[in-house]
Protein chains: 2
Amino acid sequence: MSVRLVILGLLRERPLHGYELKQIIEEHMGDWTAIAFGSIYYALDKLAEEGCVERIATEQEGHRPSRHIYQITERGEEEFLHLLRELWRTPERQYYDFDVALFFITALPHEEVLATLRGRVAGLEAALAHLEAHQNEQTEAPEVPPIAHAIFNHSRVHLRAELMWTQDLLHHVAEGRYP
Amino acid sequence: MSVRLVILGLLRERPLHGYELKQIIEEHMGDWTAIAFGSIYYALDKLAEEGCVERIATEQEGHRPSRHIYQITERGEEEFLHLLRELWRTPERQYYDFDVALFFITALPHEEVLATLRGRVAGLEAALAHLEAHQNEQTEAPEVPPIAHAIFNHSRVHLRAELMWTQDLLHHVAEGRYP
DNA sequence: GGTAGTATATACAATATAGAATATTATAGG
DNA sequence: CCTATAATATTCTATATTGTATATACTACC
């Protein structure tokens, strides 16, 4: 659902076509969103139907596929604020597929479980290190908006929580607490 | 994707029909999974097509809608282990819609942002308290498998991380660091 | 200068999701 | 005992998601 918010939010700056949206999203939000490019075109069509955006031009460079340029409408501005407030207010509950695996884990041999948990711990440590390096690098770039720090921290605190929990789980499993 | 694992995992115990699966999932996994009942029937059909489960009977009580009982096959057992290992090994990256809202937050008035953040902090504190109470209550129940503790803790550590991060964000916003 | 790979740009089809619709039976409250 | 509500059990439809297909243009390297 946040694709719509992203599209409207970016179109508030200036008119864009689908591919441009895809590029901006990948470059500026790629680290903390998962928006498939197919969803962008779907959402654009939907938003156009609803009168939240409108095609203002169709351009073509050489014999490249032509592109449709969209502009946000007044209705779109309203929808943007509506979606923003909704996301901003609604508490989101996260679910972890890993918990499902954990629930059935007695189906796997003890040694395999231990080995994989150790692998997860290592992977989380690496991810955390990578994130922190990336964050420092971004911190120095002047074009990165201040709010990016908060978004980085968000990932960081959850990665850390996940790491600690996994280490804890590893110890419990090693002690044979889940036979 | 974890619906398939859940279905196969539960069918390993004994043959079940769709509604029974729905009940077990709601009762035993409702707190930490989000599996819509529509997805259960879809997955059952799919798994049957693939030969992972098979209908072994169709029963009917009175004039109630009849129910189809499914049994796991050998192929299903293999698929179960395959899915379990995949979930168990694959690191899962979580994305937070809230980050998208945060990215566009300058579109909302400062006071509203502050008020809503305070609301979120309160909500997270309540959720945490509720979870801890629920966990204590479950801890005493004998039929709850030991692994349930780990799953509870998983939610708890992430809720705590989210709470701390939100409080931190609130302070930064209050200090006017994101104008 | 040929060619392998990447970038541009969207349409479309396959798959997945989630809730509404349906129809019967049990239950609880006045 | 009557009625509103919840429980039983699934099918079906509307909607959303995601990647594949398509076709041209650029670019880097041997």
Side-chain angles (χ1 to χ4, degrees), chain A residues 1-8 10-11 15-27 30 33-50 52-53 55-70 79 83 86-87 90 92-93 95 97 100, chain B residues 1-8 10-11 15-27 29-30 33-50 52-53 55-70 79 83 86-87 92-93 95 97 100:
Chain A
M1 278 302 80
S2 61
V3 201
R4 309 177 103 242
L5 181 65
V6 170
I7 290 175
L8 291 172
L10 294 177
L11 288 184
L16 297 163
H17 56 87
Y19 195 73
E20 237 171 334
L21 283 163
K22 170 191 175 272
Q23 285 176 312
I24 296 173
I25 291 169
E26 274 173 8
E27 191 183 350
T33 55
I35 295 177
F37 75 90
S39 312
I40 296 172
Y41 290 99
Y42 176 77
L44 272 176
D45 279 356
K46 207 76 206 305
L47 287 167
E49 250 177 53
E50 296 165 17
C52 292
V53 304
R55 276 192 191 182
I56 53 166
T58 296
E59 290 180 353
Q60 189 161 23
E61 276 180 18
H63 284 256
R64 289 266 183 76
S66 63
R67 59 203 193 186
H68 314 297
I69 296 166
Y70 294 88
E79 177 68 5
L83 285 173
E86 201 173 277
L87 259 192
T90 310
E92 68 184 306
R93 177 75 168 89
Y95 297 97
D97 275 357
V100 175
Chain B
M1 279 303 79
S2 60
V3 200
R4 310 178 102 239
L5 181 64
V6 170
I7 291 175
L8 291 171
L10 294 178
L11 287 184
L16 298 163
H17 56 87
Y19 194 74
E20 236 171 335
L21 282 163
K22 171 190 175 273
Q23 284 176 314
I24 296 173
I25 290 168
E26 274 172 9
E27 191 184 349
M29 319 171 104
T33 55
I35 295 177
F37 75 89
S39 310
I40 295 172
Y41 291 98
Y42 176 77
L44 272 176
D45 278 357
K46 207 75 206 308
L47 286 167
E49 250 176 52
E50 297 166 16
C52 292
V53 304
R55 275 191 193 184
I56 53 166
T58 296
E59 291 180 352
Q60 189 161 21
E61 277 180 19
H63 284 257
R64 289 267 184 77
S66 64
R67 59 201 192 189
H68 314 296
I69 295 164
Y70 293 88
E79 177 67 4
L83 285 174
E86 202 174 276
L87 258 192
E92 69 184 305
R93 177 74 169 87
Y95 296 97
D97 276 357
V100 175

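As a basis for the values below, the full set of heavy atoms in this structure was taken, side chains included, without hydrogen atoms, waters or symmetry mates. All of these numbers come straight from a predicted model, not from anything done at the bench.
- Residue Gln60(A) contributes atom CD, which lies 12 Å from atom C1' of dT10(C) at whole-angstrom precision.
- Mapping heavy-atom proximity under 4.0 Å, the span of DNA chain D touched by chain A runs 5' to 3' from dT15(D) to dC26(D).
- When the C1' atoms of four end pairs are superposed on the next four at each end of the helix from dG1(C)-dC30(D) to dG30(C)-dC1(D), using five pairs per end, the two resulting axes differ in direction by 30°, to 10°.
- Residues meeting the side chain to side chain contact (heavy atoms under 4.5 Å, CB included) test with Pro65(A), sequence neighbours left out: none.
- Put simply, CG on Leu21(B) and CG on Leu11(B) are 5.5 Å apart, with the number rounded to the nearest 0.5 Å.
- Ser2(B) and Leu87(B) get closest at one heavy-atom pair: CB-CD1, 4.2 Å.
- Comparing Tyr41(B) and Ile40(A) along DNA chain D, the residue whose closest nucleotide (by nearest heavy atom) sits nearer the 5' end is Tyr41(B).
- To the nearest 0.5 Å, atom OH of residue Tyr95(A) and atom CD of residue Glu92(B) are 13.5 Å apart.
- Contact between Leu8(A) and Cys52(A) at its shortest, heavy atoms only, is CD2-O, 4.2 Å.
- Nucleic acid contact for Lys22(B): none, since no nucleic acid atom lies under 4.0 Å from a heavy atom of the residue.
- Take Arg55(A) and apply the side chain to side chain contact (heavy atoms under 4.5 Å, CB included) test, not counting sequence neighbours, and it matches His68(A), Tyr70(A).
- Summarising the geometry, the separation between OH on Tyr42(A) and P on dT17(C) is reported as 15 Å, rounded to the nearest angstrom.
- Residue pairs meeting the salt bridge (charged side-chain N to carboxylate O under 4.0 Å, His left out) criterion with at least one member in residues 34-50 of chain A, sequence neighbours excluded, are Arg4(A)-Glu50(A), Lys46(A)-Glu50(A).
- Side chain of Ser39(B) to backbone of Ile35(B): no donor-acceptor contact under 3.5 angstrom is found.
- The CZ-P distance, from Arg55(A) to dT10(C), rounds to 8 Å in whole Å.
- As judged by a 4.0 angstrom heavy-atom cut-off over every strand, Gln23(B) is placed among residues touching the sugar-phosphate backbone only.
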I'd like a table of atom pairs between the protein and nucleotides 19-24 of chain C - only N or O on both sides, under 3.5 Å - with the distance next to each one.
unit_1: dT24(C); atom_1: O3'; unit_2: His63(B); atom_2: O; d: 3.4

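- Distance Tyr19(A) OH to dT6(C) P: 13 Å, rounded to the nearest Å.
- For the side chain to side chain donor-acceptor pair (under 3.5 Å) test, no residue two or more places apart in sequence or in another chain qualifies with Gln60(A).
- For the salt bridge (charged side-chain N to carboxylate O under 4.0 Å, His left out) test, residues two or more places apart in sequence or in another chain that qualify with Glu59(B) are Arg67(B).
- When the side chain to side chain contact (heavy atoms under 4.5 Å, CB included) test is applied to Glu26(B), the partners found at least two apart in sequence or on another chain are Lys22(B).
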